[in-house]
Amino acid sequence: SFPTRRSSDLSCLNSYSQREGKGAEMMMKGALFDLDGVLADTASLHFKAWRKLAKENFGRSLPDELENKTRGISRSDSLSVILDYLEITVSKAKFHRLAEEKNQIYRNFLTDLSPDEVLPGMRDFITDLRKKGILTALASASQNGPFILERTGLSKYFNAIVDPSKIEAGKPAPDIYLAATAALELSPKECVGFEDAVSGIQSLKAAGIVSVGIGSDHEVGQADLRFSSTGDINFDDVEEIWAEITNNA
Ligand code: G6P
Ligand code: MG
């Protein structure tokens, strides 16, 4: 059977073409990333913006637990969750205006966005992946993704960026992660995905991609492997769990 500890023989690999398995063994070839809360310290700003919107438009506060429910899902899906909670029904036009207003509030929070907002360890981690010949793709629901990658200086680390506006069913559906694997011309089995949202872990699972969660057990306990924070992510552990799941399936 397949050895699960491969860190030693991987350390010498440095190009994509070298990442070919021997015989029928598969190699991990792609890493797929969520953005907010995985690469950039922007996740809480989304919910801060929703709170401001609810306060200003309806004089209402939002409970903490809504943050977990809106994490990872699109702007309009998030607005639906929030309006449901508030038990408020609005016209289509008003819905559109509210979504637009939330984005204005959120974008104001991003005014000073810089490489300082890259989460701990992530720039080094992606650099290391790429040195090992692993391809990278962004699979974020955020329409602000390209802007955030530019401002944080992370764009150059990505082989592909999925455009969420072209994806019909958002997370927890598998579509956005399947689009990311297709963009890298890899199969879901050859990839691993990094997520901080329940919806994102569900999306990865539905796509048949090994999932790494970043956050608490309450947030990403369903992931195949979990790290409490980005600073704890360790390549050897990721590859080990990937190999275990993929080659023992
Ligand atoms: C990410 C965040 C969500 C947000 C979504 C859409 O997935 O985790 O909280 O709703 O992006 O972001 P956008 O920037 O397009 O409003
Ligand atoms: Mg996220």
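Quick note: residue numbers are just sequence positions, from 1. Treat the numbers as computed from the prediction; the structure is a model and nothing was measured. When a ligand or atom number is given, it counts from 1 through the structure's own listing order.
- Under the 4.0 angstrom criterion for non-hydrogen atoms, Ala43 is not in contact with ligand 1.
- Atoms of ligand 1 found under 4.0 Å from any heavy atom of Asn144, numbered from 1 in the order shown, are 13 (P), 14 (O).
- The Mg ion (ligand 2) has Asp34 OD2, Asp36 O, Asp196 OD1 as its protein N, O or S neighbours under 2.8 Å.
- Assignment of Ala197 to the shell around ligand 1 is not supported, since no heavy atom sits closer than 4.0 Å.
- Set against the non-hydrogen atoms of Arg75, the atoms of ligand 1 under 4.0 Å away are 6 (C), 10 (O), 13 (P), 15 (O), 16 (O).
- Of the candidates Val38, Thr42, Asp41, Asp41 is the only one forming a side-chain contact (heavy atoms from CB on, under 4.5 Å) with Leu119.
- Heavy-atom proximity to Gln143, at under 4.0 Å, picks out these atoms of ligand 1: 13 (P), 14 (O), 15 (O).
- When each atom of ligand 1 is checked for a heavy atom of Gly72 under 4.0 Å away, the hits are 2 (C), 3 (C), 7 (O), 8 (O), 9 (O).
- Geometrically, Arg107 engages Phe147 in a cation-pi contact, judged by NZ or CZ lying under 6.0 Å from the ring centre and within 45° of the ring axis.
- Counting the atoms of ligand 1 from 1 in the order shown, those under 4.0 Å from a heavy atom of Ser78 are 10 (O).
- At a heavy-atom cutoff of 4.0 Å, ligand 1 is contacted by no atom of Leu35, backbone or side chain.
- Closest protein heavy atom to atom 4 (C) of ligand 1: Ile73 O, 3.2 Å.
- Residue Ala141 approaches ligand 1 through these ligand atoms, each under 4.0 Å from one of its heavy atoms: 6 (C), 7 (O), 11 (O), 15 (O).
- With a 4.0 Å heavy-atom cut-off, ligand 1 is reached by no atom of Pro164.
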